[in-house]
Number of protein chains: 2
Amino acid sequence: MEVELENRGLSKRKRQILKAIVDAHIQDGGPVGSKYILQSQQLGCSAATIRNEMAELEEMGYLEQPHASAGRIPSELGYRFYVDSLIEHYVMTTNEIAQINHLLRSKMGELDQILTAASNLASNLTNYTGIAIKPRVSAVSISKFETIYLDPNHYILIAVTSTGAVKSKHLHPITPVSQDAVALLADVLNDCVSTRLADQITLPIIMEMESRMGVDSGLVGSVMKEIYNLLAELDEGEMKVSGINRLLQYPEYSNVEHLQDLLGTLENKEDILNLVAQGSNEDVNVVIGSESRVKVMNNSALVFKPIVKDGHTVGAIGVIGPLRMDYAKVLATLEGLSGNISDMIHTNKQLNGGTRDAGNEKD
Amino acid sequence: MEVELENRGLSKRKRQILKAIVDAHIQDGGPVGSKYILQSQQLGCSAATIRNEMAELEEMGYLEQPHASAGRIPSELGYRFYVDSLIEHYVMTTNEIAQINHLLRSKMGELDQILTAASNLASNLTNYTGIAIKPRVSAVSISKFETIYLDPNHYILIAVTSTGAVKSKHLHPITPVSQDAVALLADVLNDCVSTRLADQITLPIIMEMESRMGVDSGLVGSVMKEIYNLLAELDEGEMKVSGINRLLQYPEYSNVEHLQDLLGTLENKEDILNLVAQGSNEDVNVVIGSESRVKVMNNSALVFKPIVKDGHTVGAIGVIGPLRMDYAKVLATLEGLSGNISDMIHTNKQLNGGTRDAGNEKD
DNA sequence: GTTAGCACTCGGCTCGCTTGAGTGCTAAAA
DNA sequence: TTTTAGCACTCAAGCGAGCCGAGTGCTAAC
């Protein structure tokens, strides 16, 4: 009974045929006919039987026919079933593993850089478009402030967030300030603002700050405005795309409309950031075409894997491409990459005693 | 004689015909025939005469014929002559000016953000792909260091460059350090390293730093390594692209190869950063197809305007698109945008005493 | 339930035809 | 010498007919 459920009532033969069709279609992109299945698979039956099965699979919604006298192609439901139940585990070649190790190890840097490198690598290894994401973080606070005095009309405000990100703002006060005032400002901010969320900074707190700043209380107003901006920026999320040109090799994107849709989505970022925000934090997520509510994704698939540190999603890497994506390979690649990245950001100390710099995160 | 020279020996009529052809071609993208010129222009001669002139213009290299029985299209030389001598000044609509003002003023922030907003705007207003560039800076030094102590195994190094950019690195020393040691490190770095270029940091200097750090001399090695990395990153330049999808509306990019070439170039960034680095610092630069040594640009044109502050190029905005670009409009738009940006970054003090300016922050 | 056979469908390709925009050339006019 | 009118020529693009072949659905027999 469980097996029946998991297989959604598909006989073993139907599953084998469906898998063969998806595999073949992923490879050439053309419709797959009964004759091809007959000779590629070893199921002891004739083409006519296969045709019957295919007709039933179509009726069940797993296959589609582009036109009456063509073979079948998988429907979105077909891909979904394939990804959930039929897919074979792809084993990365030693060469691929070596590439991951080499590039990521050499590109040690802040999380930003690691993610960008990883998205590049994902694109290279899979031949689809890679994306690197820094997700929206809603409940972020600032854990530490610092100020750098440059001249009486110019100082820099530095903020370290609870996720470890460092942000800076240049400030140009109208009335000249002293180095001491700027230093005091950092102390006051650390005492009054840090570890508080935006909506926990109340008027009494601001008044206390102003009183502690004494003659330089005028600084508080402008600084607080910048802090709000800064928190808002953190809230936005970021996304980098690499390997757009790889899309062009897939005939599905010679349809200008599909290409335009996808490029528009990549441009926008909003839609994809939302999808990633909604996704599971643990697994690799697969979004197939119109499964998402994002209409523009209709003819494409998105696969992504969040990078988790200390229970927080600090980033994600992914791949975007045509529906007939080589899911097996993409899943394996993203798993491999994310494993490496997690290792990197969890190794706090390094062998060489040098720097190790897990970018945006907190310890 | 001077006029002759400036017009490269083209009679007034030839210039009028050439301009009419370029204008028409920019608009429809098709070859332009003698008949069209006859009725669009008021030059008192017949189609046959125009044909003769066109034949001569072709011989001189300003026009090309896609095939024997088609009209003419401008050659790269033709575009160049058009841009240099024939172009009419485009006057921005009040609506366009309002858009620039509104969006840029509302997007006050660090230079990064301004540039990105400007490139978006350039793309919107012109209907081509916009780019925002932070150029390579070769002779950059660090003007100020700061450190932020987080815990005995984790501190942050902050560096402010001579161009005002702020960069940060997380460091995780193997042996625990004290807050005082980290603070001392900042002082030592400010005394010994700041204002020096990378190749001016010699062994004696490093030894002096180690001696001043006392028991914590072990920190110096790892920090110096990060500083080198940081300087290397500054050296790289950055580029953001917006509105790639706009390219698809131009039939020249339905040629998959051309599109692939251009997308590849946009991906790479190297080529365009080089072009911008070579360009004039003052004017709007126009690079028409194979004029540049970048082969992949063969079927596209790049127009960009550097943003200069205190004699240094701190950024650039530009537009990339097909050869038959509406140069008049693009030139006007970029001039307008860069004017606004310059105003913004030169206003050191703001009415509200708020922020402004140059910063590229790192997390 | 499976198979063999057959008629049918339909996209994609090729071929030839027509159309029309646009040219170059020549010979006459200015 | 320059301009013009006229004419023959060229060639891409669009259209439709026709063929091909892969692949189907259906039916009748196993």
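Chain identifiers are assigned alphabetically (A, B, ...) following the order of the sequence lines, protein sequences preceding nucleic acid strands; residue numbering begins at 1 within each chain.
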Please state whether the phosphate of dG1(C), meaning OP1 or OP2, lies under 4.0 angstrom from any side-chain nitrogen or oxygen of T49(A). no

Ignoring backbone atoms, test whether R72(A) places a side-chain nitrogen or oxygen under 4.0 Å from the OP1 or OP2 oxygen of dG23(D). no

d([atom1], [X]; [atom2], [N]) in whole Å:
X      : N       : atom1 : atom2 : result
N52(A) : dG23(D) : CG    : P     : 17 Å
I73(B) : dT23(C) : CD1   : P     : 13 Å
I50(A) : dT2(C)  : CD1   : C1'   : 12 Å
E64(A) : dG23(D) : CD    : P     : 18 Å
K14(B) : dT2(D)  : NZ    : C1'   : 12 Å
Y36(B) : dT23(C) : OH    : P     : 14 Å
R51(A) : dG1(C)  : CZ    : C1'   : 16 Å
L43(B) : dT4(D)  : CG    : P     : 10 Å

The side chain of E58(B) is closest to which nucleotide in this list: dG25(D), dT23(C), dG24(C)? dG24(C)

Selected nucleotide, minimal atom distance to Q65(A) side chain, candidates dT4(D), dG25(D), dG24(C): dG25(D)

Can you tell if the side chain of E252(A) reaches within under 4.5 Å of the side chain of L323(A), non-hydrogen atoms only? no

Side chain to side chain, M239(B) and I131(B), heavy atoms closer than 4.5 Å: yes

Base dT9(C) paired with S69(A) side chain (donor-acceptor, <3.5 Å): yes

Presence of donor-acceptor pair under 3.5 Å, side chain of S46(A) and base of dT3(C): no

Check whether any side-chain N or O of N245(A) sits under 3.5 Å from a backbone N or O of Q260(B) as a donor-acceptor pair, and report yes or no. no

Exam field: side chain E267(B) to backbone G243(A), donor-acceptor pair closer than 3.5 Å: yes

Name the nucleic acid region contacted by A68(B), choosing base, sugar-phosphate or nothing; use a 4.0 angstrom heavy-atom cut-off, strictly under. sugar-phosphate

Hey, does G44(A) reach any base, or is it just sugar-phosphate, or nothing, if we go heavy atoms under 4.0 Å? sugar-phosphate

Applying the side chain to side chain contact (heavy atoms under 4.5 Å, CB included) criterion to R72(B), which one of H25(B), E58(B), R51(B) satisfies it? E58(B)

Residue whose nearest DNA chain D nucleotide is more 5′ - R13(B) or H67(B): R13(B)

